[in-house]
Number of protein chains: 2
Amino acid sequence: MEKEQVGTIRFQIDFSQPLYEQVLDQVRSSIAKGEIGLGEKMPSVRELAQDLKMNPNTVMRAYQELERDGLTEKRRGQGTYVTSSPERVHIFRRDLAAQYINAFVAQMESLGLTEDDVQEYIHQRFIAGKGEHEK
Amino acid sequence: MEKEQVGTIRFQIDFSQPLYEQVLDQVRSSIAKGEIGLGEKMPSVRELAQDLKMNPNTVMRAYQELERDGLTEKRRGQGTYVTSSPERVHIFRRDLAAQYINAFVAQMESLGLTEDDVQEYIHQRFIAGKGEHEK
DNA sequence: ATAGGTGTATTATATCACTTAATACACTTA
DNA sequence: TAAGTGTATTAAGTGATATAATACACCTAT
């Protein structure tokens, strides 16, 4: 697993998934968790591409999706900035969470599991995940 | 969405995901929910391929994965049968559920959500899903 | 004005996963 | 023997992903 720190953002890139998708997910996560501050300047397309050893077009694809998410804003000739609106981040988090949950519940139902089963599993899983940091 | 009934199994095939994966998931679900009985005979590779309008090789790929799951057994020259072992089905359901949950919890944590957030969301989602049948 | 940094667009090329098609073989049952 | 099983092989086509090489319009600092 490639581990790279670019500005405020930590990246772990591998080849299990499309590169643009990994960049997208990890920047989304950094913004959602507040690891990158609101209004902060993002690395330029070329800079990030060079640091992550990938093509500028690939990074571009992730950046365009971030703007569609409402998480970033482009300023012509200047660069890309994290949105200054806490609401935008909140809305994004809520929407994506809903999307993840729908998919997850569908998976659970396809296995014939009930809500109680799921709640219990989730609880166990969160307990198990305690204290696991930077493994 | 293509809707096909083949023997005891209902299929809904589209082009959003790999075909072999959709076949795999839907047969897994049918077995996990007990919609196909233990020991029951599966449609032959060629028959299912014809009914679902896809290539036998594609169906084969799904069938081989099903056997690796421990959900089916092949009898040379005869056909493919659902396993007669309830334990196998149980183990499969538990393992796959754990896998789904790990991925899901990772997604939730990447959005900075806590266990309480998740439990509440799940609860709401299950309530919302009540009464939605055969839409 | 110029140089260098922004995001963006285009064209070409390469690779890989997925899918289909056409056969062929060994096995089992009627 | 004939028909139906799973399986294997080879060839071909398609689309998503990624890279490479350029080019352009915009902004800012020198």
Side-chain angles (χ1 to χ4, degrees), chain A residues 1-2 4 6-9 11-27 36 39-83, chain B residues 2 4 6-9 11-27 31 36 39-83:
Chain A
M1 334 163 181
E2 278 298 304
E4 286 288 336
V6 183
T8 327
I9 321 173
F11 289 94
Q12 286 188 42
I13 305 295
D14 56 40
F15 288 90
S16 64
Q17 284 176 332
L19 299 179
Y20 82 92
E21 214 170 286
Q22 296 183 56
V23 173
L24 175 61
D25 286 343
Q26 290 174 32
V27 174
I36 323 178
E40 198 168 315
K41 189 176 189 309
M42 298 268 299
S44 79
V45 170
R46 287 174 181 82
E47 180 193 352
L48 187 54
Q50 187 168 16
D51 289 358
L52 297 183
K53 301 177 184 68
M54 60 182 69
N55 196 278
N57 291 331
T58 305
V59 174
M60 255 291 287
R61 189 165 172 185
Y63 271 32
Q64 291 185 325
E65 183 65 24
L66 284 170
E67 193 170 29
R68 269 181 248 121
D69 288 340
L71 292 180
T72 62
E73 292 164 4
K74 310 284 179 60
R75 303 180 196 161
R76 286 188 305 177
Q78 287 182 292
T80 303
Y81 294 78
V82 178
T83 180
Chain B
E2 279 297 304
E4 285 288 336
V6 183
T8 327
I9 320 174
F11 288 94
Q12 286 188 42
I13 305 294
D14 56 41
F15 288 90
S16 64
Q17 284 176 330
L19 299 178
Y20 82 92
E21 214 170 285
Q22 296 182 55
V23 173
L24 176 60
D25 286 343
Q26 290 175 33
V27 174
I31 298 177
I36 324 178
E40 198 169 314
K41 189 176 188 310
M42 299 267 298
S44 78
V45 170
R46 287 175 181 81
E47 181 193 352
L48 187 53
Q50 187 168 16
D51 289 359
L52 297 183
K53 299 177 185 67
M54 59 183 70
N55 195 279
N57 292 330
T58 304
V59 173
M60 254 291 287
R61 190 166 172 183
Y63 271 32
Q64 290 185 325
E65 184 65 24
L66 284 171
E67 193 170 29
R68 268 181 249 122
D69 288 340
L71 292 179
T72 62
E73 293 163 6
K74 310 285 179 59
R75 304 182 196 160
R76 286 188 304 177
Q78 287 183 295
T80 303
Y81 294 79
V82 178
T83 180

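Since the structure is predicted, the reported quantities are computational estimates derived from the model, not experimental observations.
In this structure, the nucleotide among dC18(C), dG7(C), dG6(D) sitting nearest to the side chain of Ser44(B) is dG6(D). Of the listed nucleotides (dT8(C), dC18(C), dG6(D)), dC18(C) has the atom at the smallest distance from the side chain of Pro18(B).
Taking both residues in full, the closest heavy atoms of Ile13(A) and Gln22(A) are given as CA-OE1, 3.5 Å, listed atom of the first, atom of the second, then distance. The two residues Leu19(B) and Asp14(B) come nearest to each other via the heavy atoms CD2-O, 3.8 Å. Closest non-hydrogen pair, Phe11(A) versus Gln26(A), comes out as CA-OE1, 3.2 Å. Counting all heavy atoms, side chain and backbone alike, Pro43(B) lies closest to Ile9(B) at CD-CD1, 4.2 Å.
The side chain of Gln64(A) contributes an N or O atom lying less than 4.0 Å from OP1 or OP2 of dA9(C). Distances shorter than 4.0 Å separate some side-chain N or O of Tyr20(B) from OP1 or OP2 on dC18(C). For Tyr63(B), no side-chain nitrogen or oxygen approaches OP1 or OP2 of dG6(D) to under 4.0 Å. Under 4.0 angstrom from either OP1 or OP2 of dT6(C) there lies no side-chain N or O belonging to Thr80(A). Of the side-chain N and O atoms in Lys74(B), one or more sit less than 4.0 angstrom from OP1 or OP2 of dT7(D).
Computed from coordinates, the Arg61(B) CZ to dT19(C) C1' distance equals 9 Å when rounded to whole Å. The nearest whole Å value for the distance from the CG atom in Leu66(A) to the C1' atom in dT8(C) is 16 Å. Remark: P of dT28(D) and NZ of Lys41(A) are 12 Å apart, rounded to the nearest angstrom. Leu48(A) has its CG atom 11 Å from the P atom of dT6(C), to the nearest Å. Rounded to an integer number of Å, the gap from CE of Met60(A) to C1' of dT17(D) is 16 Å. Atom CD in Glu21(A) sits about 8 Å away from atom P in dA18(D), given to the nearest Å. As a whole-Å value, the separation of Gln17(A) CD from dA17(C) P is 15 Å. Glu65(B) places its CD atom 15 Å from the C1' atom of dC18(C), with the value rounded to the nearest Å.
Evaluation of the side chain to side chain contact (heavy atoms under 4.5 Å, CB included) rule for Met60(B) yields Val45(B), Gln64(B) as partners, not counting sequence neighbours.
A side chain to side chain donor-acceptor pair (under 3.5 Å) check over residues 39-54 of chain B, counting only residues at least two apart or in different chains, returns the pairs Thr8(B)-Glu40(B).
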> What one-letter contact string describes nucleotides 20-30 of chain C from 5' to 3', where B marks a base within less than 4.0 Å of any protein heavy atom, S marks contact via sugar-phosphate atoms alone, and - marks no contact?
Replying inline: BBB-B--BSS-

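The closest donor-acceptor contact from the side chain of Asp69(B) to the backbone of Leu71(B) lies at 3.5 Å or more, if one exists at all.
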